[in-house]
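Working notes, structure below.
Within every chain, numbering begins at 1; the chains are lettered A, B, ... in the order of the sequence lines, protein sequences first and strands thereafter. Here the structure is a predicted model, which means the values were calculated and not measured.
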Amino acid sequence: MLDIKLIRENSNLVRQGLINKNSADVVDEILSIDEERRSLILQTDELKAKRNSASAKIPVMKKNGQDTQQVLSEMKLVSDQITSLDEKIREVEGHLEKILRHTPNIAHSSVPVGKSAENNVETKKWLPDDFNFKNDFKILDHIELGKKLRILDFERGTKISGSGFPLYLGKGATLERALINFMLDFHLTHHEYTEIMPPILVNRESMEGTGQIPKMEEDMYFIEKDGLYPIPTAEVPITNIHRGEILNEKDLPIKYAGYSPCFRREAGSYGKESKGFLRVHQFNKVEMVKFVKPENSYNELEKLVVDAEDILQALKIPYRILLLCTGDLSFSAAKCYDIETWSPAENRWLEASSCSNFENFQARRANIRFRNETTKKPEFVHTLNGSGLATSRLMVSILENNQTPEGKIIIPKALQKYTGFEIIE
RNA sequence: GGAGAGAUGCCAGAGUGGUUGAAUGGGACGGUCUCGAAAACCGUUAAGGAUGUAAGUCCUUCCAGGGUUCGAAUCCCUGUCUCUCCGCCA
């Protein structure tokens, strides 16, 4: 959520920010509602002050045996006015809140302005030493490999649940589990994260806190009976750990990493993208979340990206990094890097991680603050998160990049002690 | 799932209609004392909003949302959560 004071005091900056993010310019609407709100508050506060002072006098008058009849009827009137004004304020504030909750974060000044994904900027490309984009044998895609080696069964996954629910078998299941353990261990030992195992069903407040709701509501699963949402990412429960809290400045930055399955309806996105692992309703992901002091958040974002990169380099998976332009940035993000891994069968890059700085956008929604040691006042923290990483896309790259001409898979060295085997054949 | 009890400040815990944003104790912080420390004593210790250059002033908030009343932490209704007992159960 944007700060109403920021909108009030820097309306043009916000206006341009919304336009850059391909979002509707609601600044004038917000300003006029805000003005109405403040004028109503002024009126009701005055009446309330009047009522309070009368309330203090009434018992004294009674004690002195004075007649309170006139004051009481006067105050009855005042109270009625307060009630109706408060009603109006509730309405106006509800309206304002609704608009603000639907208004996206604006991008940081270092983010390139652009309309869509084509305007994203590649900032880095990393390839393993012996890597070559051309192969001298026929590359099988992950679906064919999965079938041939009996490690993935998309058809039976569909039978059990529907399309987009992958079934891992045998060494495929072991490899998936190994990958999760490897990534978590790596972040804990090399990057000093605290491990989290979060609830994977969350309530509405949590979904609103991180910004998935209301904008992305259609993409979320929802269990109506209990009012719970299966999480689309561990970002939701992990960021909400500190919802409504005031943290100690000396505890910052707080760094959490956690594994969870992720559930996404992906409403309306069927088609070519949806085959195999490319777009699924359930996948596994290790997520990194940071709570940091505002002045450090951009520095922390760069470190977050490196944390994700370290995993890919250890696995020797070719990847590139994109700096997303304003138009491609998600609702809550102020700046975001996508990390894409190479799929030789698809002959293209696949998004495996997204590392974002939300500044205080989520913190404001979720009311996550820290006490500034110098000013002694609470301030909103900055929150960041990054996939570290999503296994489904990673699995595609691991299988396809490590296949032999005979269609076997060589397990990356770093993973072997987790899988207990070196090859899938 | 059934029955009951409860939710107050950083914590513990009073408060059942009127200057109670809230007694008391603990903790934390500052000070006095001390060579230093402890003890003792004194003081400070909420968040949000409106207004104002500021100092300040005012409003709101005792789980949440409604209601009664001139006035609600206190009374009524609904919801959420916690605890105890019973049942069920990985």
Side-chain angles (χ1 to χ4, degrees), chain A residues 1-9 30-101 197-209 213 222-229 237 240-252 261 360-381:
Chain A
M1 197 151 64
L2 291 175
D3 183 5
I4 183 71
K5 285 186 190 133
L6 176 86
I7 301 174
R8 224 183 272 156
E9 285 154 25
I30 289 173
L31 288 179
S32 92
I33 298 171
D34 179 50
E35 198 144 317
E36 187 185 359
R37 168 178 159 268
R38 285 189 292 159
S39 113
L40 288 169
I41 287 175
L42 219 55
Q43 295 174 52
T44 189
D45 273 6
E46 200 177 308
L47 290 172
K48 281 174 181 170
K50 204 168 172 186
R51 180 175 71 184
N52 286 345
S53 78
S55 280
K57 280 186 210 135
I58 289 170
V60 179
M61 289 172 74
K62 279 188 172 168
K63 209 156 94 187
N64 295 344
Q66 287 171 271
D67 181 23
T68 55
Q69 206 46 52
Q70 198 195 329
V71 195
L72 290 189
S73 59
E74 235 172 77
M75 284 307 114
K76 170 84 180 143
L77 254 129
V78 169
S79 260
D80 287 347
Q81 288 177 54
I82 289 173
T83 306
S84 84
L85 275 172
D86 274 351
E87 174 99 11
K88 225 185 256 172
I89 288 173
R90 234 197 334 263
E91 244 168 65
V92 170
E93 284 193 332
H95 187 195
L96 183 63
E97 165 108 2
K98 192 174 167 205
I99 294 175
L100 283 175
R101 286 203 170 261
M197 193 169 288
I200 55 182
L201 299 180
V202 300
N203 58 29
R204 190 176 175 87
E205 293 78 71
S206 295
M207 292 291 267
E208 288 192 358
I213 280 181
F222 180 53
I223 300 167
E224 199 161 5
K225 201 170 179 183
D226 300 288
L228 293 170
Y229 297 80
N240 276 283
I241 287 174
H242 295 300
R243 168 151 53 87
E245 294 184 9
I246 299 175
L247 305 165
N248 293 321
E249 180 175 338
K250 64 173 166 44
D251 293 335
L252 302 178
N360 66 23
F361 189 83
Q362 290 182 330
R364 192 178 294 279
R365 289 177 154 244
N367 198 21
I368 306 168
R369 294 171 291 176
F370 73 100
R371 192 173 298 281
N372 184 313
E373 295 279 358
T374 354
T375 65
K376 304 282 182 211
K377 287 285 162 202
E379 278 175 43
F380 289 111
V381 298

Evaluation steps, salt bridge (Lys or Arg N to Asp or Glu O under 4.0 Å), between A:Lys88 and A:Glu91: CA-CA 5 Å; A:Lys88 225 185 256 172; A:Glu91 244 168 65; over 6 Å; no
Stepwise side chain to side chain donor-acceptor pair (under 3.5 Å) check, A:Thr83 with A:Asp86: CA-CA 5 Å; A:Thr83 306; A:Asp86 274 351; over 6 Å; no
A:Glu93 and A:Lys98: CA distance, side-chain angles, deciding distance, side-chain contact (heavy atoms from CB on, under 4.5 Å) verdict: CA-CA 8 Å; A:Glu93 284 193 332; A:Lys98 192 174 167 205; over 6 Å; no
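No hydrogens or angles considered: a donor-acceptor pair under 3.5 Å links the side chains of A:Asn367 and A:Arg369. Side-chain contact, A:Asn203 with A:Ser206: a donor N or O sits under 3.5 Å from an acceptor N or O.
When both distances must be under 3.5 Å, the Watson-Crick or G-U wobble mate of B:rA28 is B:rU44. Pair check for B:rA7 finds B:rU80; Watson-Crick or G-U wobble, both atom distances under 3.5 Å. In this structure B:rA50 sits in a base pair with B:rU57, meeting the Watson-Crick or G-U test at under 3.5 Å. Base pairing of B:rC89: no nucleotide in any strand meets the Watson-Crick or G-U wobble criterion (both distances under 3.5 Å). Judged by Watson-Crick or G-U wobble contacts below 3.5 Å, the nucleotide B:rG18 has B:rC70 as its partner.
Heavy-atom nearest nucleotides on RNA chain B were determined for A:Lys62 and for A:Arg8, and the one closer to the 5' end corresponds to A:Lys62. Comparing A:Lys76 and A:Lys48 by the nucleotide of RNA chain B that holds the closest heavy atom to each, the one mapping nearer the 5' end is A:Lys48.
Taking atom P in both B:rC63 and B:rC11, one finds a spacing of 13 Å when rounded to whole Å. B:rC83 and B:rA90: their P atoms are spaced 22 Å apart (whole Å). Rounded to a whole angstrom, the distance from the C1' atom of B:rA12 to that of B:rA28 is 15 Å. Taking the P atom of each, B:rC89 and B:rG9 are spaced 39 Å apart, rounded to whole Å.
The separation between A:Leu42 atom CG and B:rC59 atom P is 13 Å, rounded to whole Å. Between A:Asn52 atom CG and B:rU20 atom P there is a gap of 13 Å when expressed in whole angstrom units. The distance between atom CG of A:Asn367 and atom P of B:rA64, rounded to the nearest whole Å, is 14 Å. In this structure, A:Arg38 places its CZ atom 12 Å from C1' of B:rG49, rounding to the nearest Å. Rounding to whole angstrom units, CZ of residue A:Arg369 and P of B:rA47 are separated by 8 Å. The separation between A:Arg51 atom CZ and B:rG18 atom C1' is 13 Å, rounded to whole Å. Straight-line distance from the NZ atom of A:Lys50 to the C1' atom of B:rU57: 18 Å, rounded to whole Å. A straight line from CD of A:Gln81 to P of B:rC70 spans 15 Å, rounded to a whole angstrom.
Among all heavy-atom pairs drawn from A:His242 and A:Ile368, the shortest one is O-CG1, 3.4 Å.
Out of B:rG71, B:rC58, B:rA47, the shortest distance to the side chain of A:Arg371 is found at B:rA47. Minimum atom distance to the side chain of A:Lys5 is reached by B:rA50, of the listed B:rG71, B:rG18, B:rA50.
Across all strands, A:Ala54 comes closer than 4.0 Å to no nucleic acid atom at all (heavy-atom distances).
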